[in-house]
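For reference, the structure discussed in these notes is given below.
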Amino acid sequence: DTGSAAATPIDPRFDIAYVTPVTIGTPPQTLQLDLDTGSSDLWVFSSHTPASQVRGQRIYAPDKSTTSKLLNGHTWSITYGDGSGSRGNVYTDKFTIGGVTVKSQAIETAQQVSSSFTTEDAIDGLVGLGFSTLNTVSPNGQLTFFDNAKPNLDSPVFTADLKYMKPGTYDFGFIDKTKYTGEITYVPVETDPGYWTFTSSGYGVGSGTFSSSPITGIADTGTSLVYLPTAIVTAYYRQVQGATNSRSYGGYVFPCNSTLPAFVFGVGEAKFTIPPSYMSYAAVTDGSPTCFGGLQSSSGIGVNIWGDVALKAAFVVFNGEEPPTIGWANK
Ligand SMILES: CC[C@H](C)[C@H](NC(=O)C[C@H](O)[C@H](CC1CCCCC1)NC(=O)CCNC(=O)[C@H](Cc1ccccc1)NC(=O)N1CCC(N)CC1)C(=O)NCc1cnc(C)nc1N
């Protein structure tokens with residue numbers, strides 16, 4: 001098997017997240033889900049989600065699918081880094097992304113979602129693409145779509161080609177040579193506790209010298225920004241006129257008309273440049289002259305996160321062979 005599906009920004013003004021069309025059940029029900037390498041639960045808004053918590057999202061109705069089966073006595077409950085969360089029951093059903101089908105995928109139906117999911121009408125749920133050890137289903141943890149699909153994929157990989165303010169693609173089972181330039185640099189992945197954790201070889205601010213120092217973090221398609229150690233973040237914003245670390249906005253902000261340097265990060269011998277346009281994430285509120293930075297400090301999180309702001313500067317291969325590795329290429 002191989003497959004390919006679009007990854008479309010949910011907001012045309014800035015890349016807070018990307019959604020991908022999937023189909024569930026028989027006849028197929030189409031939902032737009034956020035593929036998230038930073039978690040490992042596949043959950044959806046459903047006919048079990050209270051109407052008061054649904055605001056425009058598409059739902060999966062297991063009772064309308066002839067191939068759905070309740071996974072008796074199984075429940076799930078998840079909390080994300082931004083404090084959002086959801087919980088519910090579990091079915092198995094036919095699940096397809098970009099032409100790759102898993103006949104019996106665990107589909108976690110929401111019986112409760114937190115308010116930020118209710119207000120985000122562009123996201124109908126998540127597809128966790130982290131390692132299955134992170135799955136929250138109890139009493140028996142379930143496998144991710146990738147783990148279920150892997151044996152039937154031509155190659156046990158998926159790739160992310162996210163783009164700035166326009167649709168990119170997720171490919172399954174193959175590496176599309178037309179999507180990158182030069183060589184792919186592969187580095188080891190630490191699978192404990194279950195993120196795609198790898199070590200970057202260093203960073204540089206703009207045209208400044210490159211600092212070769214290991215930065216261990218997770219490659220996370222479900223996180224909008226890049227979160228790195230404070231020392232790196234202050235070195236970056238020292239080069240930005242009028243930048244301050246705002247308590248009220250919860251991070252580094254600066255005048256939207258400031259000139260921003262690029263941010264360079266290393267993977268092995270390779271270098272990747274996040275252009276200034278990606279480093280100005282968005283105005284703090286619509287029309288404000290103050291902008292929120294795409295690079296923020298990880299000091300409060302406990303893990304460094306290479307989110308969408310970094311991922312869209314590269315073509316990234318999530319290699320599910322034993323042992324797993326992650327590959328980065330310029331594009
Ligand atoms: C099994 C749990 C699972 C592994 C879980 N994984 C994660 O949290 C990482 C995962 O990639 C999640 C996936 C998100 C969740 C919200 C919906 C979109 C996907 N990433 C995050 O939580 C990172 C922080 N959040 C973000 O980056 C969200 C993503 C988002 C996108 C669209 C709409 C709403 C939110 N972005 C924002 O909130 N933005 C608004 C503010 C703006 N300045 C930046 C963008 C975890 O580590 N949870 C442990 C955990 C629990 N509690 C806390 C407090 N921290 C934790 N880390």
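Counting convention: from 1, in listed order, for ligands and their atoms alike.
With rounding to the nearest 0.5 Å, the separation of OG in S212 from CD in E269 is 8.5 Å.
For residues 317-331, every residue pair satisfying the side chain to side chain donor-acceptor pair (under 3.5 Å) rule, not counting sequence neighbours, is listed here: D161-K331, N319-E321, N319-T325.
In the model, D93 has a side-chain atom that pairs as donor or acceptor with a side-chain atom of Y60 under 3.5 Å.
Ring geometry, W196 versus F146: the interplanar angle falls from 30° to 60°, so the pair is classed tilted.
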N or O contacts of ligand 1 with protein under 3.5 Å, please list pair by pair.
from     : atom 1 : to   : atom 2 : distance (Å)
ligand 1 : 6 (N)  : G38  : O      : 2.9
ligand 1 : 8 (O)  : G81  : N      : 2.6
ligand 1 : 11 (O) : D36  : OD1    : 2.7
ligand 1 : 11 (O) : D36  : OD2    : 3.3
ligand 1 : 11 (O) : D220 : OD1    : 2.9
ligand 1 : 11 (O) : D220 : OD2    : 2.7
ligand 1 : 20 (N) : G222 : O      : 3.4
ligand 1 : 20 (N) : T223 : OG1    : 3.4
ligand 1 : 22 (O) : G81  : N      : 3.0
ligand 1 : 22 (O) : D82  : N      : 3.2
ligand 1 : 25 (N) : D82  : OD2    : 3.3
ligand 1 : 27 (O) : S224 : N      : 3.2
ligand 1 : 36 (N) : S224 : OG     : 3.0
ligand 1 : 47 (O) : Y195 : OH     : 2.5
ligand 1 : 48 (N) : T79  : O      : 2.8

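Taking hydrophobic clusters as Ile, Leu, Val, Met, Phe, Trp and Tyr residues chained together by side-chain heavy-atom distances below 4.5 Å, V284 shares a cluster with V309.
Here the side chain of Q142 pairs a donor or acceptor atom with the backbone of N140 at under 3.5 angstrom.
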